[in-house]
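Data block below; observations after.
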Amino acid sequence: MAKQNDGFVQHITPQAEDFSRWYTDVIKMADMVDYSDVKGCMVIKQYGYGIWELIQQEMDARIKETGHKNAYFPLLIPKHLLETEAEHVEGFAPEAAWVTIGGNEELAEPLCIRPTSESIICSMYSKWVQSYRDLPVLLNQWCNVLRWEKSTRPFLRTSEFLWQEGHTVHMTQQEAEEETLKMLRVYQEFAKNVLAMPVLIGQKSEKEKFAGADHTYTMEALMLDGKALQMGTSHNLGQNFAKGFDIQFLDKDGKKKYAWQTSWGTSTRMIGGLIMVHGDERGLRLPPRVAPVQCVIVPVAVHKEGVLQKAQELFLQLKHAGVRVELDERDQSPGWKFNEWELKGVPIRLEIGPRDIENKVCMLARRDTCAKDAYSLENIDRTVIEMLDDIHETMYTQALAFREEHTYDAKNWDEFMQGIEQKHGLVRAMWCGETACEEQIKEKTGVTTRCKPFEQEDLGEVCVHCGKPAKQMMIFAKSY
RNA sequence: CGGGGUGUAGCGCAGUUUGGCUAGCGUACGUGCUUUGGGAGCAUGGGGCCGGGGGUUCGAAUCCCUUCACCCCGACCA
């Protein structure tokens with residue numbers, strides 16, 4: 001990647017050993033974030049936030065389409081509420097931040113800055129749910145949460161982050177399970193059609209599941225350095241919170257019953273995933289559907305008559321056609337602009353100069369393949385829109401091919417170790433399902449279970465590590 | 001929390017070992033002219049509590065003590 005500021009060009013590739021350096025450089029140079037004074041809290045600048053706004057817009061439409069409504073609950077959670085569900089509080093206590101003073105007085109009860117909203121939402125649900133007629137409750141909220149993390153990294157693990165959290169209440173276990181799976185599928189479809197990212201979906205192990213859930217589903221994506229990133233989760237909470245918070249309803253049969261619940265979420269972490277799946281040695285590559293600028297127009301030889309005028313014409317034409325387009329009129333050389341927009345990942349660059357105007361064409365440069373060709377100015381808006389779709393498909397296909405190249409099966413421990421030491425990526429292997437075994441694998445290799453995929457294959461009879469009878473095929477990987 | 005490293009102009013750094021002239025370089029920024037199809041050229045200008053505090057000294061970016069912040073590797077983390 002071309003670096004500014006040191007007087008010469010230095011190249012860093014995403015596959016190199018200093019992947020994490022590449023990652024922070026891309027974010028910084030694409031002008032997505034700045035760093036605040038508060039440990040691990042980032043300032044998301046306009047360009048980075050523009051991406052989040054598009055993610056929000058697309059995700060929100062899907063959440064509403066599946067019957068959910070948005071609501072908002074308080075930022076502060078009284079201590080006793082957080083402590084109501086035993087497993088939940090144990091899971092979140094180490095990363096909780098507290099407000100203990102209000103005005104100048106010490107509070108009688110400390111208030112937790114929400115690390116997640118299950119407890120405060122459930123405390124309301126217990127009032128709202130009385131009868132089977134009140135069910136299901138299907139709510140979602142967009143908000144920020146705070147977790148006091150020991151080490152942070154922009155987008156992947158920040159103390160404060162923005163997310164969407166859905167919380168639902170149902171009459172039956174089956175209905176809750178269907179909801180949990182439905183939202184996981186929504187996430188998967190979103191990843192594919194909006195982020196151009198292939199994800200694996202499946203179930204988390206007992207050790208990796210959400211604190212307070214019966215079981216947790218996840219979508220996992222493979223990054224360019226061979227590590228896996230959890231991109232979204234969907235939890236079946238069973239009756240754990242219902243019992244803790246007394247969420248009961250009077251059923252048709254006249255009996256009082258505890259409700260069944262789910263929760264599911266996706267966060268700004270997805271932006272980190274985007275960067276680490278699609279980036280290259282020139283910087284960011286944005287999938288068109290989340291690109292704040294989909295097409296940038298760079299006029300060449302602006303001082304020549306008619307060039308700027310033509311560029312402005314094209315700008316309006318594309319804008320009216322619904323393309324997120326920007327005209328770069330800054331007083332810089334064209335080459336400088338080319339590099340900057342490539343760094344920022346803009347999918348299409350349109351170049352227009354005197355020569356093109358004479359030939360009734362313009363140049364279109366694609367960020368995904370770096371191809372640059374002349375296209376007729378006639379129906380240029382349609383050409384651009386079609387190209388945006390094609391870029392999306394190409395990026396998805398590239399990411400999928402990368403994942404497949406970096407997924408391998410291990411039938412025994414030797415193959416498992418060999419795979420981890422020599423290749424990077426996802427290991428598919430049979431596993432006994434026991435937490436003790438899982439912990440030993442982590443200790444020996446640094447690799448953890450990512451998910452038990454819904455699409456199971458029989459790779460053998462026994463656990464790849466301990467040799468006990470295998471219960472499932474599991475995906476293992478190093479993770480963020 | 002352990003181990004290692006870094007704090008000097010917006011950004012990237014040199015200078016610290018061996019204390020000494022007015023604290024430098026690149027880039028970015030301002031102005032003027034010429035340029036413009038892959039990071040333009042010349043001229044000129046502005047910008048610094050050398051992370052903070054305390055010491056040693058005639059004199060400290062440099063040595064000593066202390067403190068804060070950030071980065072990397074572990075550990076921790078849904």
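The chains referred to below are lettered A, B, ... by the order of the sequence lines, with proteins before strands, and numbering in each begins at 1. All figures in this text were calculated on a predicted structure; none of them were measured in a lab. Hydrogens, waters and symmetry mates play no part in the numbers below; they use all other heavy atoms, side chains included.
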What's the gap between B:A75 and B:U57 when it is taken at their C1' atoms, as a whole Å value? 45 Å
Inter-nucleotide C1' distance (B:U16, B:G7), Å rounded: 13 Å
Any base atoms under 4.0 Å from A:Lys28, or only sugar-phosphate, or nothing? Heavy atoms, all strands. sugar-phosphate
Quickly work out the A:Glu351 CD to B:G38 P distance and round it to whole Å. 8 Å
May I ask you to evaluate whether A:Lys207 reaches the phosphate of B:C77, defined as a side-chain N or O under 4.0 Å from OP1 or OP2? no
Which is true for A:Pro354 with a 4.0 Å heavy-atom rule: it touches a base, it touches only sugar-phosphate, or it touches nothing? base
Please classify the nucleic acid contact of A:His303 as base, sugar-phosphate, or nothing, using heavy-atom distances under 4.0 Å. base
Would you indicate what A:Ala301 reaches in the nucleic acid, counting non-hydrogen atoms under 4.0 angstrom: base, sugar-phosphate, or nothing? sugar-phosphate
A:Phe454: which residues meet the ring pair (Phe, Tyr, Trp, His ring centres under 6.0 Å) condition with it, sequence neighbours left out? A:Tyr217
Between the protein and nucleotides 40-44 of chain B, list the N/O to N/O atom pairs that are separated by less than 3.5 angstrom.
{"residue": "B:A40", "atom": "OP1", "partner": "A:Ser333", "partner atom": "OG", "Å": "3.3"}
{"residue": "B:A40", "atom": "OP2", "partner": "A:Ser333", "partner atom": "OG", "Å": "2.5"}

Find the runs of at least 3 consecutive base pairs, i with j, i+1 with j-1 and so on, that include RNA chain B, using Watson-Crick or G-U wobble geometry with both distances under 3.5 Å. B:1-7 with B:68-74, B:10-13 with B:24-27, B:29-34 with B:40-45, B:51-55 with B:63-67
Work out how far the P atom of B:C29 is from that of B:C73, and round it to whole angstrom. 33 Å
OP1 or OP2 of B:C76 versus the side-chain N and O atoms of A:Lys442: is any pair under 4.0 Å? yes
Rounded to whole Å, CG of A:Leu343 lies from C1' of B:C11 at a distance of 14 Å
What is the nucleic acid contact for A:Arg349, judged by heavy atoms within less than 4.0 Å: base, sugar-phosphate only, or nothing? base
Restricting to pairs with a member in residues 232-244 of chain A, which pass salt bridge (Lys or Arg N to Asp or Glu O under 4.0 Å), not counting sequence neighbours? none
What residues form a side chain to side chain contact (heavy atoms under 4.5 Å, CB included) with A:Pro136, not counting sequence neighbours? A:Leu138, A:His170, A:Glu175
Which of the following nucleotides, B:G37, B:G38, B:C73, is nearest to the side chain of A:Arg153? B:C73
With P as the reference atom in both, quote the distance from B:C33 to B:U22 in angstrom, rounded to an integer. 39 Å
For a quick check, tell me whether the side chain of A:Glu342 and the base of B:G38 share a donor-acceptor pair closer than 3.5 Å. yes
Which nucleotide wins on minimum distance to the side chain of A:Glu95, given the candidates B:G37, B:C72, B:C77? B:C77
Contact class for A:Gly91 (heavy atom, under 4.0 Å): base, sugar-phosphate, or nothing? sugar-phosphate
Rounded to whole angstrom, note down the C1' distance from B:C13 over to B:G48. 15 Å
A:Arg355 has an atom CZ; how far is it from atom P of B:U36, in whole Å? 12 Å
Sorted by chain and number, sequence neighbours left out, salt bridge (Lys or Arg N to Asp or Glu O under 4.0 Å) with A:Glu220 holds for A:Lys204, A:Arg450
